[in-house]
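Here is the structure we will look at, set down as structure tokens.
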Number of protein chains: 2
Amino acid sequence: MPVTIRDVARAAGVSITTVSHAFNGYEDVGDETKKRVLQVAKDLNYRPSRVARSLVLQQTQSVGLLISDFNANPGSNHFLFDVLAGIHNRLAELGYDVTLLSTTTARQQLISYIDFCTERRLEGVIVMGMRMDDPYMQEVADASLVSVGIDLPILSRHCGYVMTDNVGGAKQGVKHLLSKNHRRIGFVNGHLHAVVSIDRLRGYEDALQDEGIAVDPELIVHSDFLVEGGEKATAALLERRPDVTAIFYASDLMALGGMRHLQKAGRRIPEDVAVVGYDNVDVGQWVVPALTTVGQKRYEMGTSAAEMLVGMLQRKEEPRACVLQAEMVIRQSS
Amino acid sequence: MPVTIRDVARAAGVSITTVSHAFNGYEDVGDETKKRVLQVAKDLNYRPSRVARSLVLQQTQSVGLLISDFNANPGSNHFLFDVLAGIHNRLAELGYDVTLLSTTTARQQLISYIDFCTERRLEGVIVMGMRMDDPYMQEVADASLVSVGIDLPILSRHCGYVMTDNVGGAKQGVKHLLSKNHRRIGFVNGHLHAVVSIDRLRGYEDALQDEGIAVDPELIVHSDFLVEGGEKATAALLERRPDVTAIFYASDLMALGGMRHLQKAGRRIPEDVAVVGYDNVDVGQWVVPALTTVGQKRYEMGTSAAEMLVGMLQRKEEPRACVLQAEMVIRQSS
DNA sequence: AATATTACCCAAAACGTTTTGGAAACGCAA
DNA sequence: TTGCGTTTCCAAAACGTTTTGGGTAATATT
């Protein structure tokens with residue numbers, strides 16, 4: 001149905017070789033014929049088939065975007081979408097197509113994500129929204145497929161990653177609190193099998209130690225990154241140490257839950273207890289008081305991942321770890 | 001580099017025809033050979049090339065997902081992401097790949113989105129996040145490419161759409177307010193060149209008329225769907241009609257802005273002024289008081305769009321308008 | 001014994017490109 | 001005349017599949 005290079009060749013009275021050459025900037029086609037071919041092609045609305053092109057060139061110029069399980073990440077959609085936008089836009093600029101792929105897809109069809117990619121001859125893949133304990137992690141780790149992970153610190157022969165500096169970010173958040181003269185600062189962390197939790201704990205400890213303050217284990221409590229969890233964790237923390245003057249949360253959602261509990265318990269924010277979250281979710285600017293938080297450069301994470309991937313693809317660059325700085329967003333809760 | 005059907009054929013000592021037949025469920029291959037071929041294929045890690053397959057079959061089994069300009073929709077990311085998840089998941093189940101595409105991509109490379117799709121031999125396209133006055137709209141309208149729009153009420157020979165019932169939704173929102181005995185209900189609408197604004201106005205009017213209440217033009221004010229706009233519009237409305245007892249907003253963001261102003265102005269919510277929004281953004285459940293709103297079934301919009309598209313593709317179904325019911329989410333602000 | 005049927009298998013063409021290795025035509029120098 | 005460079009063009013192979021239209025041998029039917 002669609003018009004082929006052969007149609008153009010026939011209509012212009014030349015060979016398909018000539019048409020191909022005219023399109024691809026070869027020098028061995030006369031000015032006169034070149035103009036004619038191009039005109040005919042335009043008239044016929046000719047568009048070269050990428051699939052035929054991919055077949056002969058043995059490269060598809062397209063990469064996969066693996067988003068783990070789409071619905072498994074409630075509350076982090078804003079994050080994923082911004083990163084996705086960055087990935088797509090940069091990749092488009094660089095001439096690559098991006099094909100969506102989720103682990104549910106693969107599971108539904110009982111196919112590994114590697115198989116999915118090789119069938120489609122995807123040249124690389126960017127992975128995001130995946131937890132370290134996801135069974136697919138092993139696959140991306142050992143794969144010979146070129147890949148870069150978002151917030152997945154695995155570095156291997158063909159696999160780089162980009163993430164934000166979580167220890168630095170947490171450190172900034174706590175330092176901010178310290179600068180407001182808080183000394184008994186609670187920390188509500190996420191579960192410890194998440195990489196970010198470990199790093200943020202490090203940042204928390206580092207900030208205190210820089211100031212010569214001993215880390216008090218009673219001030220640290222673990223939760224699950226979500227609102228309810230933050231609420232309960234805050235209750236537990238207040239029970240144990242009613243004298244905290246500030247709480248640093250490893251996620252905004254937990255901070256939101258925490259603020260809810262604090263307000264119920266009659267503590268004013270920030271006068272009685274200051275609150276700092278982590279993630280810079282949209283919600284943060286609409287709660288009262290607006291939430292101080294440390295945010296990630298989401299869009300930039302996407303563009304960086306895109307650039308790293310094509311670097312590995314085109315210039316055979318080594319996979320590396322790209323860590324971006326976090327950015328403090330100071331609002332009214334602290 | 002990757003292993004081809006020829007490699008398998010050679011290793012199994014059969015022709016490529018036989019390998020192809022063995023893989024595709026033909027009956028004319030012996031049990032013995034079939035088993036051998038499959039085993040060899042597995043050993044060699046053979047994966048049939050989709051691009052070769054697409055070329056000969058003349059169909060790619062993949063569709064485009066056009067997201068207008070990615071960054072042009074601040075605040076509606078959550079919406080787009082959920083829809084995207086629905087689209088992708090359903091499409092994957094139905095055996096289609098989805099390729100990302102934004103109008104910025106096309107603009108960058110000075111290529112129309114139609115050309116983008118035909119070059120890649122995409123079989124159809126789902127369009128979302130686009131405004132009716134976007135210059136690309138004309139293209140999707142006259143395109144011969146099979147397509148379905150999200151929240152884009154254009155119906156043509158090859159083009160269907162899915163959207164939520166905005167007049168019904170607005171009607172529900174206002175009826176809810178009426179049921180709480182409010183009689184002077186303000187309406188902060190979006191700009192009128194957005195289709196949804198016109199429908200929501202209709203719903204507002206219908207609800208009042210059903211109750212025998214005259215529509216008072218002084219109670220209606222236009223804004224821009226965003227927070228600041230809602231804030232100003234609310235100020236203007238209160239100025240003009242200080243006696244309103246409830247306000248219905250055409251977007252949650254405007255409602256958020258409105259609540260901010262109301263609280264500044266010393267009006268209690270919902271005691272003095274009840275508030276109902278539209279969209280069910282995540283934020284809504286975290287502000288105090290939590291925002292009553294009318295929401296769209298975002299994920300379901302995605303799956304519906306996916307189903308409509310493959311219906312048109314595979315069963316030659318006629319393009320149709322699929323309108324989903326809105327759902328009231330009642331919280332504390334009303 | 002001849003013929004029809006069945007069960008397996010395969011060669012070759014096709015899909016729409018790119019690229020290689022010339023060929024034809026021409027001008028120019030020997 | 002011959003030989004040689006240029007310029008402009010093209011035929012054919014290749015990419016990895018699917019599908020058509022057989023073919024061969026063994027078995028069943030007459």
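Values below: all heavy atoms of this structure, side chains included; hydrogens, waters and symmetry mates excluded. Quick caveat: nothing in here was measured; it's all calculated off a predicted structure. Below, chain A is the first sequence line, B the second, and so on; all start at residue 1.
- The separation between A/Asp31 atom CG and D/dC9 atom P is 10 Å, rounded to whole Å.
- Side-chain proximity of B/Thr17 to the nucleotides D/dT17, C/dC10, C/dT17 is greatest for C/dC10.
- Note on ring orientation: taking the six-membered ring where Trp is involved, the planes of A/His21 and A/Tyr26 are parallel (angle under 30°, cut-offs 30° and 60°).
- Using a 4.0 Å cut-off between a side-chain N of Lys or Arg and a carboxylate O of Asp or Glu, B/Arg10 and B/Asp7 qualify as a salt bridge.
- Taking 4.0 angstrom as the limit, A/Thr18 places a side-chain polar atom (N or O) nearer than this to OP1 or OP2 of D/dC10.
- Side-chain nitrogen and oxygen atoms of B/Tyr26 include at least one within less than 4.0 Å of the OP1 or OP2 phosphate oxygen of D/dT19.
- Note on A/Val56: a base of the nucleic acid sits closer than 4.0 angstrom, heavy atoms only.
- Taking atom NE2 of residue B/His21 and atom P of nucleotide D/dT19, one finds them 8 Å apart after rounding to whole Å.
- Across the protein-nucleic acid pair, A/Arg53 atom CZ and D/dA14 atom P stand 21 Å apart, rounded to whole Å.
- A donor-acceptor pair is defined here as one N or O able to donate and one able to accept, closer than 3.5 Å; no such pair exists between the side chain of A/Arg90 and the backbone of A/Glu307.
- Atom-to-atom, CG of A/Asp28 to P of C/dA25 comes out at 17 Å; the value is rounded to the nearest Å.
- Among the protein residues, B/Val51 comes within range of no part of the nucleic acid, since none of its heavy atoms lies under 4.0 Å from any strand.
- When heavy atoms are screened at a 4.0 angstrom cut-off, A/Thr4 is found touching the sugar-phosphate backbone but no base atom.
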